[in-house]
Amino acid sequence: MLQLKVIREEKQRIVSGLRKRNWAAQQLRVIDRIIDTDELRRSTQKELDDALAEGNRLAKSIGQLMAQGKKDEAETLKTQVATLKVKSASLEEKLNGLKTQLDDLLYSVPNCPHKSVPKGKTPEENKVAKDWTKPFPTLPENALPHWELAKQYNLFDLELGVKLTGAGFPVYRGKGARLQRGLIQFFLDEAVKAGYEEILPPHLVNEDTARGTGQLPDKEAQMYKCELDNLYLIPTAEVPVTNIMRDEIVPVKDLPVKMTAYTPCFRREAGSYGAHVRGLNRVHQFDKVEIVQIEHPDRSYKALQGMVRHVEKIMNKLELPYRILLLCGGDMGFSSAKTYDFEVWSAAQKRWLEVSSVSCFETFQANRMKLRYRDENGKLELAHTLNGSALALARIVAAILENNQTPEGIRLPKVLWKYTGFKMI
RNA sequence: GGAGAGGUGGCAGAGUGGUUGAAUGCACCUGAUUCGAAAUCAGACGUACCUUCGCGGGUACCGGGGGUUCGAAUCCCUCCCUCUCCGCCA
């Protein structure tokens, strides 16, 4: 969530930022409500503190009077304390109410887009930051989409997944499973080479963790929940990995903190059905290698560029046609201040598929998580968090299969040979 | 699943109702000493919120929540977690 202090002190910047997210005047009123509620909260806090301070003073006096045997005087003070307690109890109730109200309001406000984020409402208004200028792969006449190729070569089986679990849970097998494992290994190796610490986190997280990265309270429906144990299946490695730093204070010399993790990702996605979600385009469980950075506010956007380059490098090694989009305000995620999406060209479906999303959250996540660093002067400041997929498997697999199909079989990019143990499918 | 023990500041570890936000040790930071370092000595050393131009002041926090009391780290209730032993098990 946004910092109160920032809303208070830089209201205009926040308001114009939210306009980029197409917030109407009506919605923008929430900012004033926040400021008003906060003001009331502060004055109530002051009143309560004063009442409690008075109570503390009286309690001490009573103690002293009792020690001196002045029972009567002590009794008089006790009645004073009693009325004071009634007062502070009601003030406390009021204060708690205001705090809850304020939190609810704050939770409802998305991150303020960075000044470089373009205006826009829909995905069509995203800016192409880097286009694919070379020709697309040319496929044979009878080129197949990946779900047909999967059948032909026995790579993954969605019907079998239905039998075992339900729709959207692919069963990979044979060379398909092997390719999956090879890609994971390849992505992790690339991340480790780039200085990320490899993490293998739990795939189930508790409520506090889900709240830390903002899945709760709003996006509860996106996650699978183990009701009995009150745990959530992670929708992305970002959740457990970023939360490693929750409530931590990092010495400034330790920044940036760079972590990478492979995990399966589970998403309920009460989304659409139809041709464009066929095959691996959208599934409930997929594999992903995530990269996460905790950075100093002065360097976070440089780090964002670094992460974009990292993903680019991988795309190049996989010899896949890709483009990079700078998301417009209207298409950005709730928590993000700036996001680049990577799309891979799926030659048989003849469309772009999103395979990576790299974002800087500034202090939006850190504020909720209380993730701070101690600067050179010993002052505590909120750190910036960033993350990105490097990369999401299912759609990359789709693209690799489709783009490299030949009458003789599917040719794998050279970089994967040592990971899969085979060059062709 | 059964039995027991326990959760206190970065760590270790005192503290069973009264000026205790918390002894002591270690770590960290600053200064002195030193050519420099070690050792030694002195000092500083939690977080959040409120308040103040600033110095400072106030409030809350000893796993979470609730209660008893004029007053709770200390008593009571409840939840969570950790550890040990047994059982089960990849």
Side-chain angles (χ1 to χ4, degrees), chain A residues 1-9 34-106 200 202-212 216-217 225-232 240 243-255 257 264 363 365-383:
Chain A
M1 58 181 153
L2 287 173
Q3 299 173 77
L4 253 177
K5 195 181 69 177
V6 173
I7 294 179
R8 236 188 278 148
E9 290 167 8
I34 287 172
I35 291 171
D36 293 346
T37 308
D38 179 49
E39 227 151 83
L40 193 54
R41 183 201 114 242
R42 280 149 72 197
S43 61
T44 308
Q45 174 89 59
K46 178 101 180 75
E47 272 187 82
L48 175 62
D49 284 355
D50 289 346
L52 290 173
E54 180 63 17
N56 286 342
R57 269 194 297 277
L58 289 175
K60 277 175 194 170
S61 310
I62 291 171
Q64 283 166 351
L65 290 171
M66 298 284 263
Q68 295 162 21
K70 297 178 181 168
K71 277 220 171 107
D72 291 349
E73 288 176 51
E75 287 305 320
T76 329
L77 288 188
K78 279 192 193 183
T79 58
Q80 282 184 44
V81 172
T83 54
L84 209 53
K85 273 182 90 171
V86 174
K87 187 181 168 193
S88 50
S90 81
L91 280 170
E92 196 180 342
E93 200 180 326
K94 183 178 169 192
L95 183 65
N96 286 337
L98 287 168
K99 277 183 178 167
T100 310
Q101 244 182 63
L102 193 57
D103 275 347
D104 288 348
L105 290 171
L106 282 171
L200 203 150
H203 300 167
L204 288 157
V205 294
N206 59 29
E207 259 181 83
D208 286 345
T209 300
R211 205 184 324 276
L216 293 181
K225 185 178 185 185
C226 301
E227 196 68 51
L228 220 52
D229 300 288
N230 209 16
L231 296 174
Y232 297 86
N243 271 282
I244 288 174
M245 305 306 291
R246 171 156 50 92
D247 292 322
E248 293 293 329
I249 294 168
V250 188
V252 71
K253 66 176 165 48
D254 289 352
L255 295 176
V257 176
T363 60
Q365 290 183 327
N367 188 30
R368 192 181 293 208
M369 260 192 289
K370 297 204 168 33
L371 161 49
R372 291 164 295 174
Y373 67 93
R374 195 181 292 280
D375 72 13
E376 296 80 354
N377 307 316
K379 239 185 108 195
L380 293 176
E381 299 286 352
L382 291 172

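Naming convention: chains lettered A, B, ... in sequence-line order (proteins, then strands); numbering from 1 in each chain.
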### Query
What interatomic distance, in whole Å, is found between C1' of B/rA22 and the corresponding atom of B/rG2?
38 Å
### Task
State, yes or no, whether a side-chain contact exists between A/Leu2 and A/Asn367 at a heavy-atom distance under 4.5 Å.
no
### Message
Is it the case that atom CG in A/Asp254 sees more than 12 heavy atoms from other parts of the structure closer than 6.0 Å?
### Response
yes
### Task
For nucleotides B/rC80 and B/rC89, find the distance between their C1' atoms and express it as a whole number of Å.
25 Å
### Query
With rounding to whole Å, what would you report as the distance between B/rG4 and B/rU78 at their P atoms?
15 Å
## Note on the structure
Assign each of A/Ala59 and A/Val81 the nucleotide of RNA chain B bearing its closest heavy atom; nearer the 5' end lies the nucleotide of A/Ala59
### Query
Between B/rA14 and B/rG63, how far is it from one P atom to the other, in whole Å?
15 Å
### Task
Report the base-pairing partner of B/rG18 (Watson-Crick or G-U wobble, both distances below 3.5 angstrom), or none.
B/rC70
### Query
Paired with B/rC85 by Watson-Crick or G-U wobble geometry, both distances under 3.5 Å: which nucleotide is it?
B/rG2
### Task
Answer with yes or no whether the side chains of A/Thr100 and A/Asp103 bring together a donor and an acceptor at under 3.5 Å.
no
### Task
Counting Watson-Crick and G-U wobble pairs only, both distances under 3.5 Å, name the nucleotide matched with B/rA60, or none.
B/rU47
### Task
Indicate, with a heavy-atom threshold strictly under 4.0 Å, whether A/Lys60 touches base, sugar-phosphate, or nothing.
sugar-phosphate
### Rounded distance in Å between the P positions of B/rA38 and B/rC55
33 Å
### Message
Taking pairing as Watson-Crick or G-U wobble with both contacts under 3.5 Å, can you name the mate of B/rU30, or confirm there isn't one?
### Response
B/rA42
### Evaluation steps, salt bridge (charged side-chain N to carboxylate O under 4.0 Å, His left out), between A/Arg211 and A/Glu207
CA-CA 6 Å; A/Arg211 205 184 324 276; A/Glu207 259 181 83; 3.5 Å; yes
### Query
So what does A/Gln80 touch, heavy atoms closer than 4.0 Å: a base, only the sugar-phosphate, or nothing?
nothing
### Message
Measuring only the C1' atom in each nucleotide, how far is B/rU74 from B/rC86? A whole number of Å is fine.
### Response
34 Å
### Query
How close or far is atom C1' of B/rG18 from atom CG of A/Leu58, stated in whole angstroms?
15 Å
### A/Asn206 CG to B/rG64 C1', straight-line distance once rounded to whole Å
13 Å
### Query
How many Å lie between CD on A/Glu73 and P on B/rC70, as a whole number?
18 Å
### Task
Pick the C1' atom in B/rC53 and in B/rU68, then give their distance to the nearest Å.
45 Å
### Query
Within a radius of less than 6.0 Å around NZ of A/Lys225, do more than 12 heavy atoms belonging to other residues, nucleotides or ligands occur?
yes
### Pairs meeting criterion salt bridge (charged side-chain N to carboxylate O under 4.0 Å, His left out) with involvement of residues 88-97 of chain A, two or more places apart
none
### Worked check of side chain to side chain contact (heavy atoms under 4.5 Å, CB included) between A/Gln80 and A/Leu77
CA-CA 5 Å; A/Gln80 282 184 44; A/Leu77 288 188; 3.6 Å; yes
### Message
Taking pairing as Watson-Crick or G-U wobble with both contacts under 3.5 Å, can you name the mate of B/rA12, or confirm there isn't one?
### Response
B/rU24
### Task
With P as the reference atom in both, quote the distance from B/rG64 to B/rA72 in angstrom, rounded to an integer.
16 Å
### Query
Are A/Arg41 and A/Leu95 side-chain neighbours, meaning at least one heavy-atom pair lies under 4.5 Å?
yes
### Summary
Taking a pair to mean Watson-Crick or G-U wobble geometry with both distances below 3.5 Å, B/rA37 pairs with none
### Under 4.0 Å protein heavy-atom contacts per nucleotide of nucleotides 45-61 of chain B, with B for base, S for backbone only and - for none
--SSSSS------BSS-
